[in-house]
Protein chains: 2
Amino acid sequence: MFSQAMQDYLKAIYKLQEQGGAVSTSALAEAMGVAAASATGMVKKLAGLKLVRHHPYQGVVLSKAGEKMALEVIRHHRLLELYLAEALGYSWDKVHEEAERLEHVISEEFEEKIFEALGRPTRDPHGDPIPAKDGTLVVAEHDRLSDLEPGATGVIRQVSDSDAEVLRYLGIRGLVPDAAVEVLEKAPFNGPLTVKTGETSHVLGREVASHIRVEARAADDA
Amino acid sequence: MFSQAMQDYLKAIYKLQEQGGAVSTSALAEAMGVAAASATGMVKKLAGLKLVRHHPYQGVVLSKAGEKMALEVIRHHRLLELYLAEALGYSWDKVHEEAERLEHVISEEFEEKIFEALGRPTRDPHGDPIPAKDGTLVVAEHDRLSDLEPGATGVIRQVSDSDAEVLRYLGIRGLVPDAAVEVLEKAPFNGPLTVKTGETSHVLGREVASHIRVEARAADDA
DNA sequence: AGATTTGTTTAGGCAGTCCTAAAATAGCCG
DNA sequence: CGGCTATTTTAGGACTGCCTAAACAAATCT
């Protein structure tokens, strides 16, 4: 009834939605690695199934049902990643690809078994929350980058700003979801922060940094 | 390049071939749960890829390459069954269905990891041999039913006879691969055997019984 | 505003796998 | 052998998901 392709599209829409409201078909097409027309076609199909709401030329938004389906796939994905890493000794850079294929074919029973084998975890190897079986996702209230103290390190989870210019600026600097960051310096009051990502450091206004949600790493991490 | 459907067909052909020479398209269609025309179509495609040899109206036989591919899938299947049962506590009657879906999507790395985790096994939960990675299958030299002594029990693995009539006779009596049998009596010299399968017992000529390969069960089995 | 650029949708096709119906072939029986 | 029946193949479609090219809409620039 619901093809694998549909699941992939729902998941992609979910992930794009996380980083900002409605999702354009071109962004979706890019995320899926297909032509824009293909994304439009699938969006229409999903809209017909009431899994998304589509306002032509305005983007697409998951419906309640669509979000639930997306979260089921994401739960599978994250549990699999964790299982591959923990139980089978996969390195972290390889779990994603394998989980990507397995997530569509495992049964509820398989999901249940690995969930139990892992001790009913709530976070995957990347620190992302694992949606619950009923489709509930405890969205971690991540710290704002502007809240971190000098010396602290973390991983960017979400970048939201109404100004596309600012987003582009941050993107060019590598301050995008999943990037690791470290706070080098922090001026007092509402002064700027100096942060490092990859090999280079950048100075950010406090206001801008407050729009970047990060997941702080424990101090004893590598 | 090689679709999942093709893998399934190759596997089905392999299994049918095990039970007797060339495979008819209708037998293949039935095994795959598709219309006869669909099987013909796929067979032509596989023949084009040199994975099978097809003589119209005469059935289909795996080529060397086709057999290797079939064995790879079967290796995946059997390793998965074993892993699901051993590592995840699946009951034996559920492993097959899950393995059926997983076998097509796991990577070589996954295969390798579970192979090692299981201690490099050579038999699956049903007692079937697991093909080696290079596509070699150590075909167990099963006992002939006619060799078993009264009281012995086993599982039929292969029934081969040039006489279709005999095969049908055996089929009607439930003496088919995977059936459990027990030898009740055995006349001396080349006299007949009385064997039981399911609830009923049958008398078989020694000659016929010698064409039935069985895997003997250890005496201490249930 | 008008023109250009950018983004989105429609239209028409292609490949893969399935189907049904009809034609071709093989096997069997009188 | 000739004809019946069962099996197998061919022919023609349906459906999914992808593509390119062209039409359309919105945003941007002058």
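For clarity, every value in this text was computed on a predicted model and none was experimentally measured. In what follows, chains carry the letters A, B, and so on, assigned in the order in which the sequence lines appear, proteins first and then strands, with residues in each chain numbered from 1.
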Engineer: Strictly below 4.0 Å, N to O, side chains only: are B:Lys133 and B:Glu72 in salt-bridge contact?
Structural biologist: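 A salt bridge is absent here (no side-chain N lies under 4.0 Å from a carboxylate O).
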Engineer: Within the structure, does a side-chain N or O atom of B:Tyr9 lie under 4.0 Å from either OP1 or OP2 of C:dC18?
Structural biologist: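 True: B:Tyr9 side-chain N/O within range (under 4.0 Å) of C:dC18 OP1/OP2.
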Engineer: Got more than 12 heavy atoms from elsewhere within 6.0 Å of NZ, B:Lys15?
Structural biologist: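 Atom NZ in B:Lys15 is crowded, with more than 12 foreign heavy atoms closer than 6.0 Å.
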Engineer: Just checking A:Ala5: base, sugar-phosphate only, or nothing, at a heavy-atom cut-off of under 4.0 Å?
Structural biologist: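 Counting heavy atoms under 4.0 Å across all strands, the contact made by A:Ala5 is with sugar-phosphate only.
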Engineer: Take atom CE of A:Met6 and atom P of D:dT16, then tell me their distance rounded to the nearest Å.
Structural biologist: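 It works out to 7 Å between those atoms.
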Engineer: Would you indicate which nucleotide in D:dT9, D:dG17, C:dC19 comes nearest to any side-chain atom of B:Val34?
Structural biologist: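 So the side chain of B:Val34 is nearest to C:dC19.
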Engineer: Count the heavy atoms belonging to other residues, nucleotides or ligands that lie under 6.0 Å from CD of A:Glu97, then report whether that count exceeds 12.
Structural biologist: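 It does not: A:Glu97 CD has 12 such atoms or fewer within range.
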Engineer: Should we say atom CD of A:Glu30 is surrounded by more than 12 heavy atoms from elsewhere, each under 6.0 Å from it?
Structural biologist: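 Counting neighbours around CD of A:Glu30, 12 or fewer heavy atoms of other residues, nucleotides or ligands fall under 6.0 Å, so no.
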Engineer: The test is side chain to side chain donor-acceptor pair (under 3.5 Å); show your working for B:His104 and B:Gln4 and say whether it passes.
Structural biologist: CA-CA 6 Å; B:His104 301 291; B:Gln4 191 159 312; 4.7 Å; no
Engineer: Report the distance from atom CG of A:Asp8 to atom C1' of D:dC18, rounded to the nearest whole Å.
Structural biologist: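 One finds 14 Å between C1' of D:dC18 and CG of A:Asp8, rounded.
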Engineer: Tell me the interatomic distance from A:Leu49, atom CG, to D:dC15, atom C1', rounded to whole angstroms.
Structural biologist: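 The distance from CG of A:Leu49 to C1' of D:dC15 comes to 14 Å, rounded to the nearest Å.
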Engineer: Which part of the nucleic acid, if any, lies within reach of B:His54 when heavy atoms closer than 4.0 Å are counted: base, sugar-phosphate only, or nothing?
Structural biologist: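 Result for B:His54 = sugar-phosphate.
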Engineer: Please report the distance, rounded to the nearest Å, between CD in B:Glu30 and P in C:dC19.
Structural biologist: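 So the two atoms are 13 Å apart, to the nearest Å.
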Engineer: Figure out the CG/P separation between B:Leu28 and D:dT9, and round it to whole Å.
Structural biologist: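 Checked: the CG to P distance equals 10 Å.
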Engineer: Taking the nucleotide of DNA chain C with the nearest heavy atom to each, does B:Ala35 or B:Pro56 sit closer to the 5' end?
Structural biologist: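 Its nearest nucleotide being more 5', the pick is B:Ala35.
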Engineer: Can you tell me which stems DNA chain C forms when a stem means 3 or more consecutive Watson-Crick or G-U pairs under 3.5 Å?
Structural biologist: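 Result, WC/G-U stems under 3.5 Å: C:1-30 with D:1-30.
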Engineer: Do A:His96 and A:His77 have ring centres separated by under 6.0 Å?
Structural biologist: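 Here the rings of A:His77 and A:His96 have centres that are less than 6.0 Å from each other.
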Engineer: Write down the distance between OH (A:Tyr57) and C1' (D:dA25), rounded to a whole number of angstrom.
Structural biologist: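 My rounded result for the distance is 5 Å.
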Engineer: Rounding to an integer number of Å, can you tell me how far A:Phe2 CZ sits from D:dC15 C1'?
Structural biologist: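 Atom-to-atom, A:Phe2 to D:dC15, this comes out as 17 Å.
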Engineer: Could you state the atom-to-atom distance from NE2 of B:His104 to P of C:dT17 in whole Å?
Structural biologist: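 Interatomic distance, NE2 of B:His104 to P of C:dT17: 12 Å.
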Engineer: So which one's nearest nucleotide on DNA chain D is more toward 5', A:Gln58 or A:Gly33?
Structural biologist: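 Upstream on the strand: A:Gly33.
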Engineer: Are any side-chain N or O atoms of B:Thr197 and backbone N or O atoms of B:Ala180, one a donor and one an acceptor, separated by less than 3.5 Å?
Structural biologist: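 Looks like yes, one N/O pair under 3.5 Å.
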Engineer: Has the side chain of B:Ser63 got a donor or acceptor atom that lies under 3.5 Å from a matching backbone atom of B:Leu51?
Structural biologist: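 Flag set: sc B:Ser63 to bb B:Leu51 pair under 3.5 Å.
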Engineer: If the cut-off is 4.0 Å, is A:Ser26 near the phosphate of C:dT6, judged by side-chain N/O to OP1 or OP2?
Structural biologist: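 So the side-chain polar atoms of A:Ser26 never come under 4.0 Å of the phosphate oxygens OP1 or OP2 of C:dT6.
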Engineer: For D:dT9, take OP1 and OP2 only and decide whether either is under 4.0 Å from a side-chain N or O of B:Thr25.
Structural biologist: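 Checking B:Thr25 against D:dT9: at least one side-chain N or O falls below 4.0 Å of OP1 or OP2.
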Engineer: Closer than 4.0 angstrom, basic N to acidic O: yes or no for B:Arg75 and B:Glu103?
Structural biologist: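 Looking at B:Glu103 together with B:Arg75, the answer is no, because their closest N to O distance does not fall below 4.0 Å.
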Engineer: Between A:Glu98 and A:Lys94 (salt bridge meaning N to carboxylate O under 4.0 Å), is one present in this structure?
Structural biologist: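 No, this pair does not count.
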Engineer: Is there a residue in residues 37-48 of chain A whose heavy atoms reach under 4.0 Å of DNA chain C, and which residues are they?
Structural biologist: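 Under 4.0 Å from DNA chain C: A:Ala37, A:Thr40, A:Lys44.
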